[in-house]
Amino acid sequence: MARVFAPGGPLASSLDAFEARPAQLEMAAAVADVFAGGGVLLAEAGTGTGKTLAYLVPAILSRQRVLVSTGTKNLQEQIYFKDLPVLQKTLGVPFTATYMKGRGNYLCLHRFDALADAWGIERHGGDARGGRQDESGEAGTAAERRLRAPVSDRGVIEAIDEWSRRTQTGDRAEMEDLPEDLPLWSEIAASAENCLGAECPQFDDCFVTRMRIRAAESDVVIVNHHLLCADAAVRQHAFGEVIPACRYAVVDEAHQLEDVATQYFGRMVSNFRVDDFARDVDRGLAARQIADLDTVETLRRDVEHVRDFARMFFGALQTLRFEQGAGGESRIRVKAAQLEPLLSDAVAVVDALEALAATIALAKDVPEDVLALQRRAEEIGADVRFLTQADDRGYVYYLDVRGRGVFLRGSPIDVSDIVREMLFDRMTAAVLTSATLSVDGRFDYVRGRLGIRRAHELRLHSEFDYREQTVLYLPKKMPDPRSPQFSEAASREVVEILRRTDGRAFVLFTSYNNLRQVHQFAAPRLPYPILIQGSAPRSTLLREFKSTPNAVLFATASFWQGVDVVGEALSCVIIDKLPFASPGDPITAARIEAINEAGGNAFADYQIPLAILALQQGLGRLIRHRSDRGVLAILDARLTTMAYGRRFLASLPPAPVTHDLATLDKFFDA
């Protein structure tokens, strides 16, 4: 291990910017030890440690199949397309790797054939599917041109058809001009809910099947937390899982795992889910997949009953939302007593779904596509029944209304046992790493939240010199962030800071409301290009920020982590408030209640640690390289006026603190 990371060693000879870092070697040795002896390693590796190579090298040298799970697709791509090719050249150890995303990213050939047939588009089979690609890059240019111009659904389908016959992966990301929010994609994606498994006529050619086979033969399997948890949640289906069995794992950006697990180990019904199901029933009937006309007519009546009763049920849920006085809140908590008046509507939906499933079960000579609809009807019915009972089973139940979508969700309040049983208990060795894992210098918080009973622990400080590279600005006098005067005061501070940094900043907010108010005040007073979250896709905004001199980005939660901007383009990060999770959020509220009822102190043991980790992530956007310099600014007076502020201050990078704006001028003049 020491030879690989040594000055003049294999990595140094292959990477121009490589520096031998003691912290990187220490982490690599710790990872190698846990892979050799088993157990769990919690490794907090400060920014600049080089943690990705610190776990990849020992993972490869272990000669075990290793699962690497990341918090973002960006990091997945960095590992697969940048880091692993370097290691294949330098380590002298042959290995193979597979890069896996969630099923929804891949084209389902079977569903696409049906859709193309409905549009009268002739599909071409043969070995071109998933196999042929013109290395010159000329193949598919017609499809790409077609997508760059406004097109009809038919034009999109024809473009996807051309691409599907040359792609090796079926990953929609290859079609860069395909709109991110294309509704059509949900009808042809390889989702688990619609999968026929081994009974599918396209099973051997299926992109998910091929991906699974490649992964099963690979030494390194790279996934993201969403796929990791989604895959674990559907293991009860014979063909649901995608990720091959791995006994060794690395969970990078592990601070995100609890939130992702909460999402995927919950249950949900929505009007969209029922509408998609009913539409697929209609398609099956239109395709004349059932010969018996009596069965066809019965199913037509059954699916209309499902639609009618579902319309009443979700309409009643909308009414419940307004009765609760939700105002602008999209998510509101509901309990069994509040759902009781809706039980008759829920029972009607379940009965209609069960009647449809029974019709299919009694039919003769039914193809697999239709039998899959029976399974889906039963699953939706079971979820409606579970969610409307809303009894105390360790779940929090809530309505989530977004646009025309009405979602009734149940999320586990505590995922620690689930994560341990579904993930870590299945591993011989697991490494959990992030730049932000510890609170107050200990790993107690993350261990409790993820159900980790015993672990080796390693804290490695950042390789960056924050005393020289940064300055932390805390305004002298600011109103309480909960007061009406805060927005105007924050706006003035933002303007004054940005004038001294010549823009080049992220201004990060804890809510859209704060963002809008500060932006409204600051925009006409600043001469810099201003980008605002929501005006374009995240990737587009980030690209524009990097390429636009003196740009300022106003953003909320999605830009607090997983964003890298190296160099002078980002010379300042301003945070308006300490990022406490809203106690009005259903999941947060339920967790606060559970901790307090168990005799704990939710504010000290849950809310503050969660906010500290979020603050560290936000401030971590600034310094990404040894040559970076810049200003960190936090406008929340509670850092110095409240006793708990000391915990936040102790968690911040060791930068010089100033309360004087003039110091910022001197910093940039130096």
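What you see is a predicted model, and the numbers here were worked out from it, not measured in a lab.
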Sub-4.5 Å side-chain heavy-atom contact between Leu652 and Leu615
yes
SB check Arg647 Asp440 (cutoff 4.0 Å)
yes
Sequence-distant partners of Tyr80, ring pair (Phe, Tyr, Trp, His ring centres under 6.0 Å), two or more places apart:
Tyr99
Does the distance from a Lys or Arg side-chain N to an Asp or Glu carboxylate O, for Arg442 and Asp444, drop under 4.0 Å?
yes
Phe580 and Tyr606: aromatic ring centres closer than 6.0 Å?
no
Note: Arg273-Asp276 ion pair, threshold 4.0 Å (strictly below)
no
Keeping Asn224 on the side-chain end and Lys73 on the backbone end, is there a donor-acceptor pair under 3.5 Å?
no
Over all atoms of both residues, closest heavy-atom pair of Phe95 and Gln88
CZ-CG, 3.1 Å
Between the side chains of Thr70 and Gln76, does any donor sit under 3.5 Å from an acceptor?
no
Can you check whether Leu450 reaches Leu257 side chain to side chain, under 4.5 Å on heavy atoms?
yes
Under a 3.5 Å cutoff, is there a donor and acceptor pairing between the side chains of Asn194 and Ser191?
yes
I want to know whether Phe207 and Tyr106 have ring centres closer than 6.0 Å.
no
Between Arg447 and Glu457, does a salt bridge (charged side-chain N to carboxylate O under 4.0 Å, His left out) hold up when you go through it step by step?
CA-CA 11 Å; Arg447 288 176 63 165; Glu457 299 177 354; 2.8 Å; yes
Find out whether Met211 and Thr169 are in side-chain contact, i.e. whether some heavy atom of one side chain is under 4.5 Å from a heavy atom of the other.
no
Angle class for the Phe509/Phe554 ring planes (parallel below 30°, perpendicular above 60°, tilted otherwise)?
parallel
Do the numbers put Arg621 on top of the ring of Trp560, so that NZ or CZ is under 6.0 Å from the six-membered ring centre and no more than 45° off the axis?
no
Can any side-chain N or O of Gln533 pair as donor or acceptor with the backbone N or O of Thr556 at less than 3.5 Å?
yes
Picking from Gln256, His255, Gln616, Gln561, what satisfies side chain to side chain donor-acceptor pair (under 3.5 Å) with Ser434?
His255
Does either side chain, that of Asp414 or that of Ser416, offer a donor lying less than 3.5 Å from an acceptor on the other one?
yes
Sequence neighbours left out, what passes salt bridge (charged side-chain N to carboxylate O under 4.0 Å, His left out) with Glu421? Give chain and number order.
none
For atom CZ of Arg646, decide whether the heavy atoms of other residues, nucleotides or ligands shown that lie under 6.0 angstrom number more than 12.
no
Not counting sequence neighbours, which residues clear ring pair (Phe, Tyr, Trp, His ring centres under 6.0 Å) with Tyr466? List them please.
none
Side chain to side chain, Leu578 and Leu639, heavy atoms closer than 4.5 Å:
yes
Indicate yes or no: at least one non-hydrogen side-chain atom of Leu632 is less than 4.5 angstrom from one of Pro653.
yes
My understanding is that only residues two or more places apart in sequence, or in another chain, count here; which of them pass ring pair (Phe, Tyr, Trp, His ring centres under 6.0 Å) with Phe559?
none
Using a distance-only test with no angle check, is there a side-chain donor-acceptor pair under 3.5 angstrom linking Arg214 and Thr98?
no
Please find out if less than 6.0 Å separates the ring center of Tyr398 from that of Phe407.
no
Looking at residues at least two apart in the chain, or sitting in another chain, which of them share a ring pair (Phe, Tyr, Trp, His ring centres under 6.0 Å) with Tyr55?
none
Asp383 and Arg385: salt bridge (charged side-chain N to carboxylate O under 4.0 Å, His left out), yes or no, with the steps?
CA-CA 5 Å; Asp383 285 340; Arg385 187 183 297 109; over 6 Å; no
Report yes if some heavy atom in the side chain of Arg538 is under 4.5 Å from a heavy atom in the side chain of Val563; otherwise report no.
yes
side-chain hydrogen bond (donor to acceptor under 3.5 Å, both in side chains): which pairs involve residues 18-27, sequence neighbours left out?
Glu19-Arg626
Cation-pi check, Arg409 to Tyr395: give yes when NZ or CZ is under 6.0 Å from the six-membered ring centre and within 45° of the ring axis, no otherwise.
no
Verify salt bridge (charged side-chain N to carboxylate O under 4.0 Å, His left out) between Glu379 and Arg267, making sure each step is shown before the conclusion.
CA-CA 11 Å; Glu379 290 174 352; Arg267 300 176 75 163; over 6 Å; no
Verify whether one side chain among Gln469 and Asp628 offers a donor that lies under 3.5 Å from an acceptor in the other.
no
Flag the pair Thr433 / Met27 as yes when at least one side-chain heavy-atom distance between them is below 4.5 Å, and no otherwise.
yes
Heavy-atom side-chain proximity of Phe443 to Ile452 below 4.5 angstrom
no
Is a salt bridge present between Asp636 and Lys577, judged by a nitrogen-to-oxygen distance below 4.0 Å?
no
Please determine if Glu217 and Arg65 form a salt bridge, counting it only when a charged side-chain N lies under 4.0 Å from a carboxylate O.
no
